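Bear in mind the structure is a predicted one, so any value in this text is a computation, not a measurement.
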Amino acid sequence: MTTKQIAGRLKELCSKGEYDQAQSELFTDNAVSIEQEASPMFDKETTGLKAMREKRNKFEAMVEKVHSNNISDPLIAGNSIAFLSIMDVTMKGRPRETMSELWLYKVKDGKIISEQFFM
């Protein structure tokens, strides 16, 4: 797949909340997920699809309800893809909030090799 095709498919799947399908279909097995900074809940860097799924499951377990999930059209530059994600969410034990995040992906040989998140 080209970077443009990956970007379109990634938006399609993530917009529907099908993150597991996106990872299975579009990521390399040794992909890396990078947070803006380490936190008590999440390491700064997570390597490998298995560990990335565990990280995603941990986040999803913290969510009480997703009210909306809007993902921008992709911006593509060479082998990089960027999205703006705006999620209206209620986290367990917290009031409803809007989370804005920039998602950045790197593609190599037709697969995503890394993702990075900025808030």
Side-chain angles (χ1 to χ4, degrees):
M1 294 177 83
T2 67
T3 300
K4 184 177 180 179
Q5 290 169 324
I6 290 170
R9 182 69 174 147
L10 186 60
K11 178 181 176 165
E12 175 188 353
L13 292 169
C14 291
S15 293
K16 296 188 285 186
E18 296 179 2
Y19 302 106
D20 189 55
Q21 178 65 30
Q23 287 178 327
S24 296
E25 187 177 317
L26 302 172
F27 287 64
T28 62
D29 288 337
N30 59 347
V32 178
S33 179
I34 305 164
E35 293 294 330
Q36 185 169 322
E37 57 190 45
S39 71
M41 294 300 296
F42 300 102
D43 293 333
K44 168 105 173 123
E45 193 169 297
T46 303
T47 303
L49 275 183
K50 181 180 179 199
M52 290 170 63
R53 283 187 183 108
E54 290 169 2
K55 174 183 165 185
R56 189 188 70 251
N57 290 338
K58 187 177 188 179
F59 174 78
E60 289 175 356
M62 297 166 58
V63 174
E64 184 175 311
K65 182 173 183 173
V66 175
H67 305 281
S68 68
N69 180 26
N70 296 303
I71 300 170
S72 70
D73 287 334
L75 293 174
I76 301 167
N79 66 341
S80 298
I81 305 164
F83 295 98
L84 173 62
S85 167
I86 301 175
M87 184 184 293
D88 179 8
V89 64
T90 302
M91 303 298 285
K92 291 178 181 171
R94 293 173 36 186
R96 185 172 174 171
E97 63 186 295
T98 300
M99 296 176 145
S100 296
E101 196 169 40
L102 182 64
W103 299 351
L104 178 63
Y105 298 88
K106 297 288 251 170
V107 175
K108 183 177 179 183
D109 299 325
K111 292 282 189 174
I112 295 171
I113 60 169
S114 70
E115 63 181 13
Q116 191 165 4
F117 304 104
F118 301 93
M119 295 182 80

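Under the side-chain hydrogen bond (donor to acceptor under 3.5 Å, both in side chains) criterion, E115 pairs with S33, not counting sequence neighbours. Applying the side-chain hydrogen bond (donor to acceptor under 3.5 Å, both in side chains) criterion to S24, with sequence neighbours excluded, gives R53.
In this structure, CG in N30 is found 11.5 Å from NZ in K111, a value given to the nearest 0.5 Å. Atom CZ of R9 sits about 7.5 Å away from atom CE of M1, to the nearest 0.5 Å. Distance check: E101 CD to M87 CE gives 8.0 Å after rounding to the nearest 0.5 Å.
Looking at every heavy atom in both residues, A22 comes nearest to F27 through O-CD1, 3.5 Å. Across G110 and I6, no two heavy atoms sit closer than the pair O-CD1, 3.3 Å. Taking each heavy atom of I86 and S100 in turn, the nearest pair found is CG1-OG, 4.0 Å.
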Taking only distance into account, with no hydrogens and no angle test, what donor-acceptor pairs under 3.5 Å do side-chain atoms of residues 77-85 form with protein atoms, sequence neighbours excluded?
{"residue": "N79", "atom": "ND2", "partner": "V107", "partner atom": "O", "Å": "3.1"}
{"residue": "S80", "atom": "OG", "partner": "K106", "partner atom": "NZ", "Å": "3.4"}

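Grouped by direct or indirect side-chain proximity (heavy atoms under 4.5 Å, Ile/Leu/Val/Met/Phe/Trp/Tyr only), M119 sits alone. Grouping Ile, Leu, Val, Met, Phe, Trp and Tyr by side-chain contacts under 4.5 Å, direct or through others, puts V32 with I34.
When side chains are defined from C-beta on, W103 counts as touching I71, because their heavy atoms get closer than 4.5 Å. You'll find the side chain of K16 stays beyond 4.5 Å of the side chain of Q21, heavy atoms only.
The number of heavy-atom neighbours closer than 6.0 Å to NZ of K44, taken from other residues, nucleotides and ligands shown, is above 12. Within 6.0 Å of the NZ atom in K108, the count of heavy atoms belonging to other residues, nucleotides or ligands does not exceed 12.
For residues 73-96, every residue pair satisfying the salt bridge (charged side-chain N to carboxylate O under 4.0 Å, His left out) rule, not counting sequence neighbours, is listed here: K11-D73, D88-R96, R94-E97.
Both I112 and F117 belong to a common hydrophobic cluster when Ile, Leu, Val, Met, Phe, Trp and Tyr are linked at side-chain heavy-atom distances under 4.5 angstrom. Taken together through direct or relayed side-chain contacts under 4.5 Å among Ile, Leu, Val, Met, Phe, Trp and Tyr, V89 and M62 form part of one hydrophobic cluster. There is a path of hydrophobic side-chain contacts, each under 4.5 Å, that joins M52 to Y19. Both V63 and F42 belong to a single network of hydrophobic side chains, linked directly or stepwise wherever heavy atoms of I, L, V, M, F, W or Y lie under 4.5 Å apart.
For the side-chain contact (heavy atoms from CB on, under 4.5 Å) criterion with M91, the lone passing option out of M99, E64, K65 is M99.
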**OP:** List the steps, then state whether salt bridge (Lys or Arg N to Asp or Glu O under 4.0 Å) holds for D43 with K55.
**Re:** CA-CA 9 Å; D43 293 333; K55 174 183 165 185; over 6 Å; no
